[in-house]
Every structure is written in C-alpha cells, then in structure tokens.
Amino acid sequence: MAAERYNHREVEPKWQKFWTESKSFEAKEDVSRPKYYVLEMFPYPSGRIHMGHVRNYTMGDVIARFRRACGYNVLHPMGWDAFGMPAENAAIERGVHPKSWTYENIAAMRKQLKSMGLAIDWSREFATCDPSYYRHEQAMFIDFMDANLVERRVSLVNWDPVDQTVLANEQVIDGKGWRSGAVVEKRELAQWFLKITAYADELLSALDGLDKWPEKVRLMQKNWIGRSEGLRFTFDLEDAAGKKRDQGLTVYTTRHDTIFGASFCAVSADHPLAKEIAESNEDVATFRKEVAALGTSEENIERAEKRGCALGVFARHPFDPNVKLPIYAANFVLMGYGEGAIFGCPAHDQRDWDFATKYNLPILPVVAPRGIISPPLGDAPYLDKDGDECVLVNSQFLDGMNVEQAKAEVAKRMKDSGRGEVRVNFRLRDWGVSRQRYWGCPIPVVHCKDCGIVPVPKSQLPVELPEDVTFDKPGNPLLHHPTWKHVNCPKCNEPAERETDTFDTFIDSSWYYARFASSHASIPVDQDASKYWLPVDQYIGGVEHAILHLLYSRFYARAMVKTGHLQIKEPFESLFTQGMVIHETFRTKSGEWVLPSDAVTKDGAWVHGSSGEPLELGGVEKMSKSKKNVVDPDTIIASYGADTARWFMLSDTPPERDIQWTEAGAEGSWRFTQKIWRLVNDIAATPSQSVSMNEQGLALRRISHRTVATVTDDLNNLRFNRAIARIYELANAISQSLQSANKSDALDGALREAGSFLVLLMAPMMPHLAEECWKLLGHKSAVVDGNWPKVEAGLVAVDEVTIAVQINGKRRDEMTVAKGLDRGAVEVAALALDTIMRQLDGKSVKKIIVVPDRIVNIVCEG
RNA sequence: GCGGGCGUGGCGUAAUGGUAGCCGCAACGGACUUAAAAUCCGUAGGAAGAAAUUCCGUGGGGGUUCGAAUCCCCCCGCCCGCACCA
C-alpha cells in the first residue's frame, strides 16, 4: 500500500509533453458545439514571469479546462504585448538590440509559462512586434483614416529636452522626466489622434449593457468619460475704455442658473485671448510664463494657489447692461476642457470663491434655501442646488425658480438671442497616438510637400522597422536613420519623407483579442472565425487596466466595426479583475530591505539569518524588486511543482482580493498534493467494483455527488477558494472512509467513485496530478479528453434536514426532521423538545415563525 | 474635495435576512518512531462552571425585523480610483 511519494519533477513534464503532442488545446471552429473564449491580459515580455502572472494565468487556465470538460469548444490563446520602452532602454543601457532583447525574453517566458502546464493553444501565438501582426494594424489605421476616425493636429505635449521625446503624463514625475530627470517642458507638436471622443456618448451608454463587468470598472470608465450637460454661450467684450471688441468670449458652464451671481470671467493661460493680450501686456506675458513653468505634475497643480492676472478687458453681462465683468487669465482654468473659459460665480463655487476672495471681487448670492431671503454665506460658498428646497434670488426674471427651472429659462433666452445653446461636454480627450520612439509600430504615412499627407498604399505594407538603428544619441532613432525616412511620395513619386513617429503601444493591445480568432489570416480578422469566436466570453486581468486598455479596446472594436473588420458590440462579454500577489517585507533598523528568505525568527523576534541583525516587519506589500519581497515562480515550480503553485494561488483568498504569498501556505498546498496521491493510491489498491451499497457507502456517495454540484456551481462563478474548500472536504471524507474499521466491497465501490470525482474536480487546478491519478485509477483515456462528472439527482436531494429551534431569535436547540415537513408538524415537534419546554417554562407563546427546512422561531413573552 | 470598496478567531477566510466561524494556515495535546520529518487521532472565539449549560461576541452607536455579519442611518479606521472638469 505504501505509495511512492508523488514526484512532480517527472510527472509534470511528462503530461505537458503529452498535451503538446496530442494537440489537446488547439482550437478549431466547430459550429456544432458551443464556443467559449477565455483570455487573460497578455504579458509584456519583461524577461521573467512573476507571481502576478502565475495567479492571472492560473485562473484563466482553470476556467479553460473546466469549460472544456463541460463540453465547450474552448479558445485559450497566448501572445506578447511586445513593443514598448523597456526594450529601447535595454538597448541604450546595455547595447542589445530591442528586437533580440524582446524575442529572447519571449522565449524565456514562453518556457516558464509552459512549465505551468497551461491549457493554451500555442499555435495561435504572436507578438505585437511581429511584422505579420503590425502590418494589419497599419492597414486598419489607413481604413480608419478613410473613415474619418483619424486626425492630425497640433497639441501641447510633455517634452523631455534631454531625451528629446514626448512623455506620457505617467512618465512625468514631479515635473521631471522619469528617466532623464530633466525638467519637462510643454511643447506644441503635430500629433496623430484617434477620434475616441466621437464615441464618447456610445462608450458611456453601452456601459449599462456590460452587466458582467465589475461595477467598479464601469464606474471608473463612466467618470473618466465624464459627461456633463451645460450651456455654451458668448459674452460681448469691451476694452477698458468701454469700446466693444470684435471678438466675444465663449464660455461653458453647468450652472447657468447662477448667471446673475457672476462677478468675473477667467480664461486659461493658453487661451487665445490671453495670448493675444500678452503680446502687448508685460504682466500677462509674465503670468503665462509662470503658469507654463509650474509644470504638469498633478501634485504641483493640486498645491498651486489659485492665481490670476487681469487682462484689462471686460465682459458685458448678457442680461444686465449695467454689469461688466473683469476678465482674468487664471491658472485653474484648463484649456482642454469646455472652451477654456468660464464665468465665475463665487457665492456658489469653491474655486470661484477662493479666487474672488483673493482678488477682492464681489460675492453675490443668487441661490438660497426656499423662504430665506438672505442666503447663508459665512466663510464658504453655498453649494446646495438639488430639488425644490432652494430657489433663485437676486436674479431678476429667475427669482423664485428652482435651479432646474432657472437653467431651462436661461438656456431658452440664450438660444432665442442666438448667444448660446445647451451643450454636452465630455472629460474624455481624443487619443494621442504618436510616440517619438523606435520600438513601436511605424505610422504608415508619408509627408509630401506637394500632396500633403499620403497613406502608404496597402500593397506596400508592412512599413517595417529598420534594424540598423543606433541608440547613441537622444531622440527617435528613426529620425536619425540615414535613409529610412527618405522615400518617394506614393502619389506623385517625388522625394518625400516618412512619418517617423510610431504608435502608442496601447493600439497594439486594443485588438489582439480579435487577432487570436485567426492569428494567421492574411487580413486583420477572418470574418468566419471572428463571428464564431468573438466576443471574448471571459476576460481576466488586473484592475490597473480598468480605464486605458479596456476603454481603448472598446473604442477600437467600434472603429473596427465601422471599417468592416468586426461585427461585435463589445469585445469583452465578461470581465474579471483579479487581486495582486502580496508578500511580507523585512528591513533592517537602517531601513534596508531584506529578502524574506534571509529573515528567520529567533526568540520570537525576526533577525537576519546570516548576520543576526534584528529586523522589523515592513508590512505586506505588492511584490516588487525594490522591496525585495519577490518570489520567483521558477523556484517555486522547481521545488513544489506547478500544481502546488496553481493550487495555492486559488486557495483561501477570493480571487478579486490581494493574496498573500506565504511559505507555510505553499507547503500546505504541497502537502495536499501528496495527500491526494496517497488517497488515490489507496483507492486504486481496493479490489472491488461492487455495485452493492451499504449505509456508509451511500453516505460517501452523497458527499461525492454534492461536492460535484457545489464545485461546479463555484467554478461557474469563479469562486475558486470555495471550490477548493469543498474539495478539501471531499478528500477528508475519503480519508475517513479509507480508515473505516468496517470496510467492505460496498464501501469500496463508493470509494472508487469518490476518488474519481476527486480527481476530476481538482483537474482544472492541478492538471498534472489529476492525469497521473486518473491513470493510476485504471482509466485509459486522459482527463483532458474526458467529461465533467455528472451528479445523480437522487444523491444530491436531501430527505432529512436539521433545523434550528429558536426562542425569541436565539438558538436553543436543533432537530432533524423530514424535508418538507409541514408547519404544523414542525411546530409540534419543536414545542415537544426538552430544552424548549424547559426554556419556555410555562410562558405564553405569542407566535411561531416556521421557515420550512430552515428554522423555527418561537416568540414568547419575557 | 468627489466617487467606490472593505472592517468576522492568532492569521487567510466561510456564511449576503434564518444554527456565526465551513475549509485552510499557524498552535497545542496524543499515537507511531531510537529520534526527527511525514502521517494519523484529538483540542481550539471570550467569560463562568466539575458538567449539563448559561452569558457575551462579526470596528463603535442607533434603527428596521419574529430573526441582522448581511438591510437602513450616524461615527471611527483602512484601502482604491478620479481630482481645479466650470
């Protein structure tokens, strides 16, 4: 009976080889079966997988294997988000070419992922830096141009003067370039934009249909899109002498009801009016420079005091010729939102209040609680505005109206006078996709001095990246390349220049899921394949992509539909955002981080294993190299096996929460693999296939079948931790039965069934162990080709229930009765219990609540 | 500032209106062993009690209900997202 210890080092590679050779996971379109497309967010090939990858891909793998066992035709692909700056940094710092760096990393990580035993269709693998991928990206960009989804325009960007490149906002830290440390400048550059704002309304309203997305993510997208309904209107302007200017000032507001409370106007420092006046006004010019110098970091913007500079021009109040509002350039007005100009109503807006207080501007209350004539202004603005509880005052024809009515009236009068109209505004900006980088997809256009911008003809795609580039000087290597950019215009054939910017890598990841449907097609997406496989049924990834990647992908799907490449409404039917992997950190008294493996307990305190130096706990944090609390998946897989790592990642903690890696927990998972191996060995050694059944065997069968039912339900709902708790219970029940004193043929039959179920249920989580156990139980077929166990209704049905008996809501006793026993009988039985009679002690029963099969509550006095 | 989430044994957690603490980790006692590991059996929220049993207990306070970890209101604490968006 004594089984050999389960040896994952032999077993895991053996079954991986088997799955590969039998092409177990290669997916083919098959209309006769329901399809299921499960996808985890594909990795950036940094060089090594980390525990976060292990968790992410394990979850997806469990779903893929489970759905497959349930009869679905499953697509579970893998690829590489392979363009981006780390590859260029490696080139600059270590002299390796981005291409070789990337493909070597891919090879290393592919090997690691394969060692996890993932049920992936590797035949569909691609990297976004493959010309065979990005050629289609280029072709679609040209389609997008034709469909009027692309714009080239000048915009303000973060410019790193040392590295000579544009930086994303995230790459600007405290106003300095994250790599060079140089103070970032704002520059106006011609950039390519995708018109995501054209879909702002649609992207917002369609969120309601994404009922299988986390509420949190939908909310984040909603806030990001930031729809607001307001009024855009134009003030007439006059100069200091009272002379009317030709140009008016157009502003945007959502509080047009407060127009009679206006005491000033403010424009962004970058507003055309401010620029114009700066030409003849030193103060304004200086102010503009100061605002520009403030930098772009959020921290600076947040801390900056509200400041302004009078422009010396005035706005005429649209409804009151006696009122003239001074106009300021102000640092808190954003050029990118609305019109870059506002009117200020200090009595009812915090920012306007701050500004008016500083510059001694009038504060005119115009909204007050109903019935109160003098609005309650202490040292703060009055911000209530909803409902009928507050009304307009001091506002001529608006007096007495509530806020909504006043807005409608102002909007009507503005419209009638041709001064303005109601307008919906979005916070969402168009997507700037130009990057002055080498390692990205070349933007397939040519600049011709005669023909202007000319798309590269599709027959000439892909526009491939040149390989002979150098990284010895700052800036874009494509720009410095001696010949690459010099081409003839595709239209007039005269000398012209290629676009040297490349795409934002978020474009690459915005449609990769669709490419997986037909990875090798000669067009971006094969129609039959995409109609069969798309949308993705289950998408899994980190919540850090809640906005950018997921919003871009939703937009891209719509753009691809418009250009005839796709026929779906949304790319990801169901979204799951998993938590991070966290780990304890340790540090010395001087604050240096120490590897957890170097920390040992001595006399109840943590000390450094070799030096003996005392250590303090630094808190449980996301695994990061800087805090030295990373655990290398290779090490774990080598010592415990992939199954153990997978099992641990799913145990105990709900998948959406952060999971703490602990050595003890990993050992616990490892012990469980050994326990299963022992149990299955013992079961395999039982002789009988008997169908006879005794009481004990029946009890075990009930447990087996109920476990199948609950685990199935849990896996359908991604409740891996609960499924695992139930599998532990089944294993414990098997263990009990095996040690039972009165073992019999009858019990052996139930044991064999329980063992088979145990193996099949844990197979999605621990696939290698499952195959080995399955074979040991004498099965000829592989688990991967088999079916999910079926429950027998009769064994899952309950005929007796234990119900609690309460007195006044407190549990006093319990009793076991036949399922479905009627109320009257339950009442009688409950009142007859010794404990209950004693507790009631002659008190009069007021009423009895009976919840069938659950609980009896006897309500009595006292 | 605005929006969202969370708070349960020593720890991760389960129970989403119906017996609070399933399952796991750590711990303790015992068996086996020359010994250790592994394994197996057992104990385990707090308090009182020899025990039966009783009382208390899901961050704090209040409410709804026959019954609340769960629903509602207020407060405290922690976490996340957005942030001068007019």
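Lettering of chains follows the sequences in order, A, B, ..., and the numbering in each one begins at 1.
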Check your understanding: Taking the six-membered ring for Trp, are A/His549 and A/His545 parallel (under 30°), tilted (30 to 60°) or perpendicular (over 60°)?
Key -> perpendicular
Check your understanding: Given the P atoms of B/rC23 and B/rC32, what is the spacing between them in whole Å?
Key -> 27 Å
Check your understanding: Do any side-chain nitrogens or oxygens of A/Thr254 fall under 4.0 Å of OP1 or OP2 in B/rC85?
Key -> no
Review point. Of all the choices, B/rU13, B/rC41, B/rU54, which nucleotide is nearest to the side chain of A/Gln739 once you look at every atom?
Key: B/rC41
Review point. Please give, in whole Å, the distance from B/rC79 P to A/Glu656 CD?
Key: 19 Å
Review point. According to the interplanar angle, ranging from 0 to 90°, do the rings of A/Tyr728 and A/Phe672 count as parallel (below 30°), tilted (30 to 60°) or perpendicular (above 60°)?
Key: tilted
Point to revise | A/Asn857 CG - B/rC66 C1' separation (whole Å) | key: 5 Å
Check your understanding: Is B/rG9 in the syn or the anti form, by the rule that syn lies within 90° of 0?
Key -> syn
Review point. Could you state the CD1-C1' distance from A/Ile225 to B/rG81, rounded to the nearest angstrom?
Key: 15 Å
Point to revise | Whole angstrom value for the distance that separates P of B/rC23 from CZ of A/Phe672 | key: 13 Å
Practice item. Anything under 30° is parallel, anything over 60° is perpendicular, the rest tilted; go ahead and classify A/Phe264 against A/Tyr328. Key: perpendicular
**Study point:** Where A/Arg646 and A/Pro764 come nearest, the two heavy atoms and their spacing
**Key:** NH2-O, 2.9 Å
Review point. Got a donor-acceptor pair under 3.5 Å from the side chain of A/Lys306 to the base of B/rC84?
Key: yes
Study note, to complete from the structure: Judged by nearest nucleotide, the residue sitting upstream toward the 5' end of RNA chain B, A/Met220 or A/Val333, is A/Met220
Check your understanding: How far, in whole Å, is B/rA52 from B/rU43 if one measures between their P atoms?
Key -> 13 Å
Check your understanding: Where does RNA chain B pair, written as one dot-bracket string 5' to 3', with Watson-Crick or G-U pairs under 3.5 Å, ( ) inside the strand, [ ] for crossing pairs and | for another strand?
Key -> (((((((..(((.....[....))).(((((.......))))).((((....))))..(((((..]....))))))))))))....
Review point. Is the shortest side-chain N/O distance from A/Arg351 to OP1 or OP2 of B/rC2 below 4.0 Å?
Key: no
Check your understanding: Taking atom C1' of B/rG10 as reference, at what distance in whole Å does atom CD of A/Glu584 sit?
Key -> 15 Å
Exercise for review: Using the six-membered ring wherever Trp is involved, compare the ring planes of A/Trp677 and A/Tyr6 and label them parallel, tilted or perpendicular (cut-offs 30° and 60°).
Suggested key: tilted
**Study point:** Short side-chain N/O contact from A/Gln839 to OP1 or OP2 of B/rU53, under 4.0 Å
**Key:** no
Review point. Judged by modelled atom types alone, do A/Asn732 and A/Lys675 share a side-chain donor-acceptor pair under 3.5 Å?
Key: yes
Revision key, fill the gap. Out of B/rC40, B/rC22, B/rA86, minimum distance to the side chain of A/Arg726 belongs to B/rC22
Exercise for review: Would you mind telling me which of B/rC40, B/rC84, B/rC23 lies closest to the side-chain atoms of A/Ala725?
Suggested key: B/rC23
Study note, to complete from the structure: Closest to the side chain of A/Arg678, out of B/rG3, B/rC84, B/rC40, is B/rC40
Review point. Which nucleotide in the set B/rG18, B/rA38, B/rC84 lies at the smallest distance from any side-chain heavy atom of A/Gln806?
Key: B/rG18
Review point. Between B/rA26, B/rU19, B/rC40, which nucleotide gets closest to the side-chain atoms of A/Ser735?
Key: B/rC40
Check your understanding: Of the nucleotides B/rC23, B/rU13, B/rC25, which one has an atom closest to the side chain of A/Glu729?
Key -> B/rC23
**Study point:** Neighbour count above 12 (heavy atom, 6.0 Å) for A/Lys622 NZ
**Key:** no
Practice item. Counting heavy atoms from C-beta on, name the nucleotide in B/rC66, B/rC23, B/rC85 closest to the side chain of A/Asn732. Key: B/rC23
Point to revise | Which residue lies more 5' along RNA chain B, comparing A/Ser228 with A/Lys810 via nearest heavy atoms | key: A/Lys810
Practice item. Round to the nearest Å and state the distance from A/Asn721 atom CG to B/rU13 atom P. Key: 9 Å
Review point. When you check the side-chain N and O atoms of A/Ser228 and A/Tyr252, is any donor under 3.5 Å from an acceptor?
Key: yes
Practice item. Give the rounded distance in Å between these two atoms: CG of A/Asp352 and P of B/rC85. Key: 10 Å
Review point. Is any side-chain nitrogen or oxygen of A/Tyr728 closer than 4.0 Å to OP1 or OP2 of B/rG24?
Key: no
**Study point:** Minimum-distance nucleotide (side-chain atoms of A/Ile342 versus B/rA86, B/rG24, B/rC82)
**Key:** B/rA86
Practice item. Nearest whole angstrom, please: distance from the P of B/rG81 to the NZ of A/Lys216. Key: 8 Å
Point to revise | Ring centres under 6.0 angstrom apart (A/Phe648, A/Trp661) | key: yes
Practice item. Check every atom of B/rA83, B/rG24, B/rG3 against the side chain of A/Asn223 and return the nucleotide holding the closest atom. Key: B/rG3
Check your understanding: Quick one: is A/Arg427 getting a side-chain N or O under 4.0 Å of the B/rA83 phosphate, OP1 or OP2?
Key -> yes
**Study point:** C1' gap between B/rA44 and B/rG21, integer Å
**Key:** 12 Å
**Study point:** Side-chain N or O of A/Arg671 closer than 4.0 Å to phosphate OP1/OP2 of B/rC25
**Key:** yes
Review point. Is there a side-chain polar atom (N or O) of A/Arg657 under 4.0 Å from OP1 or OP2 of B/rU13?
Key: yes
